[in-house]
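Once you've had a glance at the structure underneath, I'll fire off some questions.
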Amino acid sequence: MPDAFSTTADHVSAPARRTVAVSPHDSNPLVDIPKALFIGTAGNVMMRGVDGTVDQLWRNVPAGAILPFRAQFIRATGTTAADILALY
């Protein structure tokens, strides 16, 4: 199938081109910094941004939400949301 956008430069506000399942962990950072996160199952997400110095709890994130947040860490402690995908 042809891709009309294959010669377009990728940037942070461009649509994601791939996804990776996220396994929240209290000390391991994400392997790559995503453009955004997709939340499959509603709940809370404890995370720290790429330039952050403290964790922030995002409460009551609904299922199907796309968070335009460049997270470096998704913590297991405090995260009740599930089926999280990193969007790249």
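Just so it is clear, the values below take in all heavy atoms, side chains as well, and ignore hydrogens, waters and symmetry mates. All of these numbers come straight from a predicted model, not from anything done at the bench.
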Check: So which residues get pulled into I33's cluster when ILVMFWY side chains under 4.5 Å apart are joined, directly or through others?
Finding: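 Members other than I33 - counting any ILVMFWY side chain reachable under 4.5 Å - are V50.
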Notebook entry, point to check: Looking only at heavy atoms, what is the nearest atom pair of A63 and A42, with distance?
Noted result: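 Heavy-atom minimum between the residues: N-CB, 3.5 Å.
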Item checked: Set of residues satisfying side-chain hydrogen bond (donor to acceptor under 3.5 Å, both in side chains) with respect to T53, sequence neighbours excluded ->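 For T53, no residue satisfies side-chain hydrogen bond (donor to acceptor under 3.5 Å, both in side chains) once neighbours in sequence are set aside.
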Notebook entry, point to check: Heavy-atom distance under 4.5 Å between the side chains of V12 and R70, does that happen here?
Noted result: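 A side-chain contact under 4.5 Å exists here.
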Item checked: Check: I66 and L37 side chains under 4.5 Å, non-hydrogen atoms ->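 Answer no - side chains too far apart.
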Margin query: Strictly by ring-ring contact (aromatic ring centres under 6.0 Å, His included), give each pair with a member in residues 11-62 just once, sequence neighbours left out.
Written below: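 The answer is W58-F69.
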Margin query: Holding to side-chain contact (heavy atoms from CB on, under 4.5 Å), I want the full list of residues that pass it with T80, two or more places apart in sequence or in another chain.
Written below: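 Result, side-chain contact (heavy atoms from CB on, under 4.5 Å) vs T80: N44.
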Note to self: Once side-chain contact (heavy atoms from CB on, under 4.5 Å) is applied, do any residues pair with R48, and if so which ones, sequence neighbours excluded?
What the structure shows: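 Once residues adjacent in sequence are excluded, the partners of R48 under the side-chain contact (heavy atoms from CB on, under 4.5 Å) criterion are D55, F73, R75.
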Item checked: Closest contact, heavy atoms only, A71 versus P34 ->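 Looking at all heavy atoms of both residues, the closest pair is O-CD, 3.2 Å.
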Checklist line | All side-chain contact (heavy atoms from CB on, under 4.5 Å) counterparts of A76, not counting sequence neighbours | finding: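 side-chain contact (heavy atoms from CB on, under 4.5 Å) check on A76 returns P24, D26.
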Margin query: Apply the hydrophobic cluster definition, ILVMFWY joined by side-chain contacts under 4.5 Å directly or through others, and give me every member besides M46.
Written below: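 Taking Ile, Leu, Val, Met, Phe, Trp and Tyr as members, M46 shares its hydrophobic cluster with L57.
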Check: Of all residues at least two apart in sequence or in a different chain, which pass the side-chain contact (heavy atoms from CB on, under 4.5 Å) check with D10?
Finding: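 Once residues adjacent in sequence are excluded, the partners of D10 under the side-chain contact (heavy atoms from CB on, under 4.5 Å) criterion are A14, R17, K35.
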Distance-only donor-acceptor pairs under 3.5 Å for side chains of residues 81-88, two or more places apart:
from: D83; atom 1: OD2; to: T41; atom 2: OG1; distance (Å): 2.5
from: Y88; atom 1: OH; to: D32; atom 2: O; distance (Å): 3.0

